[in-house]
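Keep in mind it's a predicted model, so treat the numbers as computed, not measured.
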Amino acid sequence: MGSQSFYLAEVFSYESLVHAVAGAMGSVTAMTVFFPLDTARLRLQVDDKRKARSTPAILAEIIKEEGLLAPYRGWFPVICSLCCSNFVYFYCFHSLKAMWLQGQKSTPGKDLIIGIAAGVVNVLVTTPLWVVNTRLKLQGAKFRNEDIEPTHYRGIVDALVQIVQNEGVGALWNGTCPSLLLVLNPGIQFMIYETLKRHLRGGVHRELSSLEVFAIGAIAKAVATTVTYPLQTVQSILRFGQHRQPTEQSKLLSSLRSVTYLIINRVRRSGILGLFKGLEAKLLQTVLTAALMFLLYEKIAAATFRVMGIKRPLTSR
């Protein structure tokens, strides 16, 4: 009974809530700043007939064809999804870490396992929001690929309703399979981030400088993104869900076979490098976003703990 009470106390702790809110606020702010870069990345991933060019060239092309605000199309649903997603992830990560470590020092292996577990929970809870935001973000875009069908959603709720009515409830979890595989991304990211942070601290309980946090956040995200990028491309295509396929291939969707099919198809059409189309835009966007997110997260969390008079234990980080 005592151990059960301890675990419940860790799951519903104030400290986990502070981490979750700080992570959500940091991610929303960072994504808003670098949102146009994500727009360029998504176009290159989904529209396989658009020529791969530099990120500034892609953005200039989008603005010329679709207007000045086009790079920020779908900003609100993306921010809503990101806020929920990071809240869930940071809350799960720190709750699970507190439950497992119980005051002991963490290791890279433990950080990776906890990151993956938090990622699985996050994927299962928030995938419908990401499916909707992907479609809203691409709605009204001018594609080079004629196989892509136009959509007409009036907002997040309308998109949810239309998807359920026209494609079934299961369509809200399109891309879940690669998303579950992609829990390696935040897992690797947090493992590297926490390891580098422990190394910089050298066992001394101190706050890292803004430059240190920004640098290790960027390094961690760069490695995680490069390793998992082919799966991220497949994930975007499945979430978009607008590519016509022969009837006998429709059963491939939302399964491991669909991931294999899309990877093989992309390699056949564009070569191995086709799996990394848009990586430049993705790295530019995600590395800067993650670095700024970690910086804001650390500062918000530290300020909150100081105001509330709560000392952050070194082992919890």
Can you tell me how far apart [atom1] ([X]) and [atom2] ([Y]) are? Round to the nearest 0.5 Å.
X: Glu298; Y: Tyr193; atom1: CD; atom2: OH; answer: 3.5 Å
X: Lys110; Y: Glu194; atom1: NZ; atom2: CD; answer: 13.5 Å
X: Leu231; Y: Leu182; atom1: CG; atom2: CG; answer: 5.0 Å
X: Met25; Y: Asn86; atom1: CE; atom2: CG; answer: 12.5 Å
X: Leu37; Y: Leu59; atom1: CG; atom2: CG; answer: 6.5 Å
X: Met191; Y: Leu184; atom1: CE; atom2: CG; answer: 10.0 Å

- Query: Which is it for Arg135 and Gln162 under the side chain to side chain contact (heavy atoms under 4.5 Å, CB included) test, yes or no, and what are the steps along the way?
  - Reply: CA-CA 12 Å; Arg135 299 195 183 190; Gln162 284 197 45; over 6 Å; no
Is there a side-chain contact between [X] and [Y] (heavy atoms, below 4.5 Å)?
X: Ile163; Y: Val132; result: yes
X: Lys197; Y: Phe294; result: no
X: Val213; Y: Lys299; result: no
X: Met31; Y: Gln285; result: yes
X: Leu160; Y: Val164; result: no
X: Thr225; Y: Gln232; result: yes
X: His199; Y: Ile216; result: no

Do [X] and [Y] sit in the same hydrophobic cluster, where Ile, Leu, Val, Met, Phe, Trp and Tyr count as joined when their side-chain heavy atoms come under 4.5 Å apart?
X: Phe276; Y: Ile264; result: no
X: Ile58; Y: Leu68; result: no
X: Val28; Y: Val88; result: no
X: Phe35; Y: Ile63; result: no

Which atoms form the tightest heavy-atom contact between [X] and [Y], and what is the distance?
X: Tyr153; Y: Leu136; result: CB-CD2, 3.6 Å
X: Pro108; Y: Thr195; result: CG-OG1, 3.4 Å
X: Leu101; Y: Ser106; result: CD1-CB, 3.6 Å
X: Ile300; Y: Gly26; result: CD1-N, 4.4 Å
X: Ala70; Y: Thr39; result: O-CG2, 4.3 Å
X: Leu296; Y: Ala30; result: CD1-N, 4.4 Å

- side-chain contact (heavy atoms from CB on, under 4.5 Å) filter on Pro56, not counting sequence neighbours, yields Ser54
Would you list the atom pairs, donor with acceptor, under 3.5 Å between side chains in residues 112-125 and any protein atom, with sequence neighbours excluded?
{"residue": "Asn122", "atom": "OD1", "partner": "Ser85", "partner atom": "OG", "Å": "3.1"}
{"residue": "Asn122", "atom": "OD1", "partner": "Thr126", "partner atom": "OG1", "Å": "3.3"}
{"residue": "Asn122", "atom": "ND2", "partner": "Ser85", "partner atom": "OG", "Å": "2.9"}

- Residues forming a ring pair (Phe, Tyr, Trp, His ring centres under 6.0 Å) with Phe90, sequence neighbours excluded: Phe190, Tyr297
- Item | Pairs flagged by salt bridge (charged side-chain N to carboxylate O under 4.0 Å, His left out) wherever residues 154-165 is involved - sequence neighbours left out | Arg154-Asp158
- Residues pairing under salt bridge (charged side-chain N to carboxylate O under 4.0 Å, His left out) where one sits in residues 209-224, two or more places apart or in two chains, turn out to be Arg206-Glu212
Check residues 75-83 and write down every donor-acceptor pair under 3.5 Å in which the side-chain atom is one partner and the other belongs to a residue at least two apart or another chain.
{"residue": "Trp75", "atom": "NE1", "partner": "Thr32", "partner atom": "OG1", "Å": "3.2"}
{"residue": "Ser81", "atom": "OG", "partner": "Pro77", "partner atom": "O", "Å": "2.8"}
{"residue": "Ser81", "atom": "OG", "partner": "Leu129", "partner atom": "O", "Å": "3.1"}
{"residue": "Ser81", "atom": "OG", "partner": "Asn133", "partner atom": "ND2", "Å": "3.4"}

- Considering only NZ, NE, NH1 and NH2 on the basic side and carboxylate oxygens on the acidic side, decide whether Arg198 and Asp111 come within less than 4.0 Å. yes
- Hey, which of Phe87, Phe93, Phe305 is the one that makes ring-ring contact (aromatic ring centres under 6.0 Å, His included) with His19? Phe305
- Okay, side chain of Ser27, backbone of Ala24: is any donor-acceptor separation there less than 3.5 Å? yes
